[in-house]
Amino acid sequence: MPEYISREVRFSSIADHFDADQRDLVSRWKAVGQWFVERGGVGLDPYQKVVTGPVGPNVEGLLRDGTPIAGVNFASQDYLSLACHPAIVHAANQAIERFGVHSAGSAALMGNTSLSVGLEARVASHLGYKFCTLFPIGWAAGYGVIKTLVRETDHVVIDILAHACLQEGARAATANVSRFAHLSTAAVEKRLKRIRENDPRAGILVVTETLFSMDSDTPDIAALQALCRDYGATLLVDCAHDLGALGERGRGILQAQDMVGKVDILMGSFSKTFASPGGFVACNEESLKFAVRSSCGPSTFTNAMTPIQAAVIDAALSIIDSPEGDERRARLMSNAVLLRDRLAAEDFLVLGQPSALVPVILGNASVSRLMTRYAAEDGGIVNLVEYPAVARNACRWRMQVMADHAASHIDSMVEIAVSARKRALAHEEALAAFDDARAYGLAEPALS
């Protein structure tokens, strides 16, 4: 018999519990913390999971409260399955033996190593640019480059679904932020025209991504770059989720759209495909490299990328830009297509185009949280995305595929998803009837 779970735990969001009226800043979050504890107590808090072994197609770990989980893994960003690759592990060990484990300084001072400097040149060449600047994490690259480029009087025109680091960088840089409808080139042109008519001398930064992780879709990057040329704007593109994982030599959507090296500024994260945290900004102007080193808080005032990171990313790039990389990308795409097809055959709504990201719409928060709980109980490890990251009734699993997944892993995950949906819908139906009875003063039905 399924247990009773309150509507508040099933449906509410962080915003419903955050107490902005509290004078004490920490106390504002007290109710949010209690709400997460209550969610965890009934198995509806799938966040802050912990792995207890290597990341792979199967994984073992713990939920936040220590409950063990194990099963097929569609929740890790290791698209080409390089996290445990012997060549990557060997490169990390060699870097430790030669350089130790710490950069011990800012890149603006003496935190760089010969490994990171060499990697900057190699990444720039691979992406068709003259210059590349590394960051210790991808978030810092996205946030930092916008804050470095944009002044208070400038404008940012940004896709409404662009990554949080880009949105927060824009808001921190200027109040003149225009969020345009997702993938709408027409909306960008409309905003550029209005800005130029009212403010002909202002700087304008247009921001988008090559592959959006929540919907697995892409913009027309060539058209956006052409608009930027026409209106005297600068285009910044984030290639975090396709770099290395898609396209010839792993150059992703830019390769498919014949835009390699042609975007004004390219930034990205290594953490999805290159087996390491880290980020970069690439362009053809050396002045931006000096600006990032000297006037970008997330670069100037933090420690540089560690020698371990640089060695791992460099070794990953060697695999990505090789026949083995081609083979791994082919397996990744085959797995993504198979998972999408198998889910669609079971009447799941799958968004976007084939990539390492397979967004599966589940519906409202209650059903989605219940489905994620039942999936984990049955050995399906997935990540739930809910409001405010997505619309309230568009909660989804953002399933992440790896090259080393086999057809058997995909078959198991789809079977688990079908079972989880059936159990969640039945549980939600019983809970709704129970809530209705309480609301109207009727006899409470049994939860069965």
Side-chain angles (χ1 to χ4, degrees), residues 1-17 31-49 61-72 74-75 342-351 358-399 411-448:
M1 178 180 295
E3 76 277 30
Y4 179 73
I5 303 172
S6 71
R7 286 187 59 83
E8 183 177 64
V9 170
R10 284 153 45 214
F11 284 103
S12 62
S13 68
I14 288 176
D16 298 319
H17 299 276
V32 175
Q34 291 172 340
W35 173 67
F36 271 115
V37 170
E38 291 172 8
R39 285 184 64 173
V42 290
L44 299 189
D45 178 11
Y47 305 109
Q48 302 179 59
K49 297 186 287 292
L62 305 169
L63 295 179
R64 180 178 56 79
D65 64 359
T67 301
I69 55 172
V72 291
F74 286 86
R342 291 277 285 108
L343 288 167
E346 297 292 346
D347 294 324
F348 285 98
L349 176 59
V350 183
L351 300 183
V358 180
V360 184
I361 298 295
L362 306 181
N364 68 39
S366 182
V367 170
S368 302
R369 292 168 186 173
L370 288 165
M371 278 188 66
T372 307
R373 163 184 156 173
Y374 287 130
E377 288 179 3
D378 291 343
I381 313 303
V382 290
N383 288 323
L384 173 64
V385 183
E386 55 184 78
Y387 178 82
V390 293
R392 285 189 183 273
N393 291 317
C395 300
R396 66 201 64 184
W397 284 342
R398 187 178 71 170
M399 303 178 76
D411 289 342
S412 293
M413 187 65 243
V414 173
E415 290 174 6
I416 290 167
V418 170
S419 174
R421 178 176 59 185
K422 181 178 179 180
R423 294 171 68 189
L425 290 173
H427 197 164
E428 174 61 21
E429 183 178 3
L431 290 168
F434 195 91
D435 287 336
D436 287 345
R438 278 188 170 181
Y440 291 102
L442 303 175
E444 296 174 352
L447 287 171
S448 59

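Along the sequence shown, residues carry numbers from 1.
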Novice: My understanding is that only residues two or more places apart in sequence, or in another chain, count here; which of them pass side-chain contact (heavy atoms from CB on, under 4.5 Å) with V42?
Specialist: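 V42: side-chain contact (heavy atoms from CB on, under 4.5 Å) contacts with E3, I5, V9, L44.
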Novice: Residues in side-chain contact (heavy atoms from CB on, under 4.5 Å) with D65, at least two apart?
Specialist: L63, T67
Novice: Going by the rule side-chain contact (heavy atoms from CB on, under 4.5 Å), which residues pair with S12 if we only count those two or more places apart in sequence or in a different chain?
Specialist: E8, D16, H17, W35
Novice: Please name the pair of heavy atoms, one in C395 and one in L384, separated by the smallest distance, quoted to 0.1 Å.
Specialist: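 That closest heavy-atom pairing would be CB-CD1, 4.4 Å.
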Novice: If we ignore angles and hydrogens, is there a donor and acceptor under 3.5 Å between the side chains of D435 and Y4?
Specialist: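 Yes, because at least one side-chain N or O of D435 sits under 3.5 Å from a partner of the opposite role on Y4.
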Novice: With sequence neighbours excluded, what pairs up with N383 under the side-chain contact (heavy atoms from CB on, under 4.5 Å) test?
Specialist: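 Result, side-chain contact (heavy atoms from CB on, under 4.5 Å) vs N383: K49, A75, Q400.
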Novice: Should R39 and Y47 count as side-chain neighbours, where that means a heavy-atom distance under 4.5 Å?
Specialist: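 A side-chain contact under 4.5 Å exists here.
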Novice: So, using salt bridge (charged side-chain N to carboxylate O under 4.0 Å, His left out) as the criterion, who are the partners of E377 when residues are at least two apart?
Specialist: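 Here the qualifying residues are R373, R423.
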Novice: Between L362 and S368, which heavy-atom pair has the shortest distance, and what is it?
Specialist: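 In this case the closest contact between L362 and S368 is CB-OG, 3.3 Å.
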Novice: Please enumerate all residues that pass side-chain hydrogen bond (donor to acceptor under 3.5 Å, both in side chains) together with S419, with sequence neighbours excluded.
Specialist: none
Novice: Once salt bridge (charged side-chain N to carboxylate O under 4.0 Å, His left out) is applied, what residue pairs with a partner in residues 388-397 remain, sequence neighbours excluded?
Specialist: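 The answer is D215-R396.
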Novice: Please name the pair of heavy atoms, one in R64 and one in F36, separated by the smallest distance, quoted to 0.1 Å.
Specialist: NH2-O, 3.0 Å
Novice: Between P46 and T372, what is the shortest heavy-atom contact and its length?
Specialist: CB-CG2, 3.7 Å
Novice: Got a sec, which residues hit ring pair (Phe, Tyr, Trp, His ring centres under 6.0 Å) with F11, two or more places apart in sequence or on another chain?
Specialist: none
Novice: Quick one: side-chain hydrogen bond (donor to acceptor under 3.5 Å, both in side chains) partners of R369, sequence neighbours excluded?
Specialist: E386
Novice: Which heavy atom of F348 sits nearest to which heavy atom of A417, and what is that distance?
Specialist: CZ-O, 3.6 Å
Novice: Nearest heavy-atom pair of V350 and A344: which atoms, and what distance?
Specialist: CG2-N, 4.4 Å
Novice: S6: what forms a side-chain hydrogen bond (donor to acceptor under 3.5 Å, both in side chains) with it, not counting sequence neighbours?
Specialist: none
Novice: Using the test side-chain hydrogen bond (donor to acceptor under 3.5 Å, both in side chains), find all partners of S366 that sit at least two apart in sequence or belong to another chain.
Specialist: R10, E428
Novice: Any side-chain heavy atom of V360 sitting closer than 4.5 Å to one from L349?
Specialist: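 No - every pair of side-chain heavy atoms lies 4.5 Å or more apart.
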Novice: Would you compute the distance between atom CH2 of W397 and atom CG of L343 and round it to the nearest 0.5 angstrom?
Specialist: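 Output value for this atom pair is 8.5 Å.
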Novice: Measure the shortest side-chain to side-chain distance between F434 and E429 over non-hydrogen atoms and say whether it is less than 4.5 angstrom.
Specialist: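 Side chain of F434 against side chain of E429, heavy atoms only: no contact under 4.5 Å found.
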Novice: For V367 and L370, what are the C-alpha separation, side-chain angles and deciding distance, and is it a side-chain contact (heavy atoms from CB on, under 4.5 Å)?
Specialist: CA-CA 5 Å; V367 170; L370 288 165; 5.7 Å; no
Novice: So, taking the atom named CD1 in I69 and the one named CG in L62, what distance separates them when rounded to the nearest 0.5 Å?
Specialist: 7.0 Å
Novice: Quick one: do M413 and I381 satisfy side-chain contact (heavy atoms from CB on, under 4.5 Å)? Show the steps, please.
Specialist: CA-CA 9 Å; M413 187 65 243; I381 313 303; over 6 Å; no
